[in-house]
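The first residue in the sequence is number 1, and the count goes up from there. Each ligand, and each atom within it, is numbered from 1 in the order the structure gives.
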Amino acid sequence: MSNRFNLLAPDVRANPYPVYAELRRNRHLCQVDPGGMWAVTRYADVMTVMKNPLLFSSEGFGRAVKPAWLGHNPFADSMICMDPPNHTRLRALVNRVFGAPALARWEPRVRFYAEKFASRIPAGRTVDAVESFTSLLPSSIIGELLGLDASLRPRFRRWTDDLTSITGTAPDDLAKQAQVRDTVAEFEQYVSEVLELRRREPREDLVSDLLRARVESEALTEAEVHSFLFMLLVAGLETTVHLLSHTLRLLAEHPEVLARVRANRSLIPQLLEEVLRCETPVHSVPRHTTADTELGGVPLPKGSRLLVVLASASRDEEQFPNGERFDPERSGQHNLSFGHGIHFCLGAQLARMEARLGLEALLDHFSGFSKDPEPVVWNRSMTVRGPVVLPLRFHAA
Ligand code: HEM
């Protein structure tokens with residue numbers, strides 16, 4: 001029997017941090033299940049990987065999300081699965097579309113949705129905070145970014161679930177495979193329609209900006225815009241939902257922090273940085289070695305598949321004293337929630353803004369919120385971790 005840790009075992013999903021701590025302390029670099037990837041768990045090793053994209057490549061990510069049974073998946077051709085120089089060119093083109101002017105344009109929309117969904121939560125009885133709030137705000141924003149009709153929002157969860165479940169789909173699960181193929185075709189159809197509309201009638205929105213983007217007179221091709229929009233749905237939705245959910249859960253577990261933040265909202269940005277460090281939504285990202293190398297003293301042959309565990313690095317005691325402790329007064333340390341280096345998250349400022357304005361709207365409407373005895377239900381994925389059901393009770397202001 002294998003003595004590897006299984007990162008998808010239910011007890012590990014419910015709380016993976018003791019396993020990460022054990023890996024950091026005693027096993028350093030070792031293979032984990034399912035799949036036998038090499039888990040990189042120490043802050044210093046994670047930084048080495050993230051700073052060397054040519055030696056620790058992202059391209060295997062693309063192959064993993066385009067298995068033979070799926071054939072075609074625009075996400076696999078997106079920049080998150082690319083190395084330089086292809087990545088460098090695309091990143092330069094989309095960088096400006098995510099700059100400060102775009103953020104300023106999105107802010108009123110984030111405020112609008114935050115207020116709308118907060119005002120609909122009933123006070124005094126238990127609700128699933130994911131269903132009632134934390135999934136609604138990011139999906140409305142991502143829908144607007146993608147230029148999709150609001151009526152399609154209920155489908156986003158199925159689309160992201162299907163697109164993120166590709167690597168976990170069994171070779172003999174033909175029904176699931178057919179469902180994922182349908183989702184790719186359906187989403188692609190909507191994206192094509194939006195692109196055609198914006199080409200004919202550009203607006204002040206992200207899709208029109210992407211179509212207009214130029215660097216030294218070079219533009220994105222139609223296929224590149226397609227892949228980029230696919231990636232946004234996967235990279236920008238579930239991650240932000242989990243950031244909001246983790247924030248609410250941690251505040252419900254620490255009423256004294258909730259009271260401080262309620263009394264002084266300027267503490268919110270620092271609180272969010274600590275939530276991101278302590279409960280980062282993206283637990284790990286994949287890489288593979290392009291040459292024989294070694295990491296932290298462990299030899300790795302060319303082609304080794306790595307699981308870079310950001311959630312472990314963000315609690316590494318060598319970098320963060322008392323790293324396992326949630327301490328919103330902690331400051332000044334760089335956490336790895338949004339990655340590091342050339343693939344650093346493009347949506348980091350947008351995600352922070354959604355979490356800040358989302359929390360502010362809830363504080364406007366309620367005196368607080370508390371955990372319900374109903375258990376939190378966790379999602380099942382190697383890369384992203386968060387509650388799928390979060391029972392909370394909101395108290396009238
Ligand atoms: C709390 C929310 C979020 C977290 C924790 C997060 C985390 C990350 C991480 C760790 C990476 C690096 C992946 C790697 O190195 O392989 C990344 C990349 C990326 N993220 Fe986010 N993300 C969040 C929200 C968003 C949002 C809202 C968007 C856009 C709407 C977005 C768009 C992207 C894009 C486009 C990349 C790829 C950048 C590149 O390859 O150069 N993310 N994100």
Side-chain angles (χ1 to χ4, degrees), residues 40 46-47 49-53 56-62 64-65 75-84 86-95 97-99 102-103 106 109-110 134 137-147 156 160 205-207 209-210 220 224-225 227-247 272-273 275-288 306-311 313-314 335-356 358 382-386:
V40 184
V46 167
M47 288 300 270
V49 172
M50 303 301 262
K51 284 178 178 170
N52 291 284
F56 299 102
S57 161
S58 295
E59 281 186 354
F61 199 0
V65 293
F75 177 81
D77 303 318
S78 68
M79 62 197 283
I80 206 165
C81 308
M82 284 180 184
D83 297 332
N86 296 339
H87 174 269
T88 320
R89 175 183 155 270
L90 282 184
R91 178 89 191 201
L93 277 162
V94 299
N95 251 346
V97 174
F98 271 79
L103 213 60
W106 297 330
R109 301 305 295 156
V110 177
T134 66
L137 173 57
S139 59
S140 301
I141 294 301
I142 211 86
E144 289 208 1
L145 293 188
L146 298 175
F156 290 2
T160 26
D205 67 6
L206 177 98
V207 176
D209 286 352
L210 286 170
L220 292 161
E224 285 168 346
V225 178
S227 294
F228 186 73
L229 297 180
F230 251 75
M231 184 194 46
L232 280 194
L233 183 72
V234 176
L237 177 53
E238 202 186 348
T239 48
T240 314
V241 174
H242 293 333
L243 172 57
L244 272 160
S245 301
H246 287 312
T247 305
L272 292 175
E273 291 315 298
V275 174
L276 281 161
R277 185 198 66 81
C278 198
E279 279 291 5
T280 182
V282 177
H283 266 225
S284 47
V285 293
R287 295 289 189 267
H288 76 269
L306 307 184
L307 190 67
V308 184
V309 189
L310 304 173
S314 288
N335 72 65
L336 286 167
S337 266
F338 293 112
H340 182 87
I342 64 164
H343 290 284
F344 183 81
C345 178
L346 263 180
Q349 294 309 335
L350 174 60
R352 287 179 169 120
M353 182 168 78
E354 288 186 50
R356 177 172 57 83
M382 295 277 272
T383 48
V384 177
R385 177 173 180 270

What distance separates [X] [atom1] from [Y] [atom2], expressed to the nearest 0.5 Å?
X: S314; Y: E279; atom1: OG; atom2: CD; result: 11.0 Å
X: L243; Y: L272; atom1: CG; atom2: CG; result: 6.0 Å
X: T247; Y: L276; atom1: OG1; atom2: CG; result: 7.0 Å
X: I141; Y: L237; atom1: CD1; atom2: CG; result: 11.0 Å
X: R91; Y: I342; atom1: CZ; atom2: CD1; result: 8.5 Å
X: L137; Y: R109; atom1: CG; atom2: CZ; result: 11.5 Å

Pick one of side chain, backbone, both or neither for how H242 approaches ligand 1, counting any non-hydrogen atom pair under 4.0 Å. neither
Check each heavy atom of L310 against ligand 1 and say whether those closer than 4.0 Å belong to the side chain, the backbone, both or neither. side chain
What verdict does the side chain to side chain contact (heavy atoms under 4.5 Å, CB included) test give for V234 and I80, after you've listed the backbone C-alpha separation in whole Å, the side-chain angles of each residue and the deciding distance to 0.1 Å? CA-CA 11 Å; V234 176; I80 206 165; over 6 Å; no
Check the pair E224, M79 against side chain to side chain contact (heavy atoms under 4.5 Å, CB included), reporting the backbone distance first and the verdict last. CA-CA 9 Å; E224 285 168 346; M79 62 197 283; over 6 Å; no
At less than 4.0 angstrom from any non-hydrogen atom of [X], what atoms of ligand 1 do you find?
X: M50; result: 15 (O)
X: L243; result: 1 (C)
X: M79; result: 39 (C), 40 (O), 41 (O)
X: I342; result: 41 (O)

Whether the side chain of T88 engages the backbone of P84 through a donor-acceptor N/O pair (distance < 3.5 Å, no angle test) should be reported. no
Test item: R287 side-chain N/O and L306 main-chain N/O as donor-acceptor pair under 3.5 Å: no
Hey, is [X] one of the residues with a heavy atom under 4.0 angstrom from ligand 1?
X: H87; answer: yes
X: S337; answer: yes
X: L237; answer: no

Over all atoms of both residues, closest heavy-atom pair of F344 and G339: CD1-O, 3.3 Å
Does a donor on one side chain and an acceptor on the other come within less than 3.5 Å for D83 and S57? yes
Would you tell me whether T280 and S337 have side-chain atoms, one donor and one acceptor, within less than 3.5 Å of each other? yes
Can you confirm, on distance only, whether ligand 1 has an N/O atom lying under 3.5 Å from any N/O atom belonging to S58? no
Ligand 1 N/O within reach of E354 N/O, cut-off under 3.5 Å: no
Can you tell me which residue and heavy atom of the protein come closest to [atom], and the distance to 0.1 Å?
atom: atom 15 (O) of ligand 1; value: R287 NH2, 2.7 Å
atom: atom 38 (C) of ligand 1; value: R91 NH1, 3.3 Å
atom: atom 40 (O) of ligand 1; value: H343 ND1, 2.7 Å
atom: atom 35 (C) of ligand 1; value: M231 CE, 3.3 Å
atom: atom 29 (C) of ligand 1; value: L232 CD2, 3.7 Å

One pair to check against side chain to side chain contact (heavy atoms under 4.5 Å, CB included): I142 and L233. What are the steps and the verdict? CA-CA 7 Å; I142 211 86; L233 183 72; 4.2 Å; yes
Listed as residue and atom, the protein N/O/S atoms under 2.8 Å from atom 21 (Fe) of ligand 1 are C345 SG
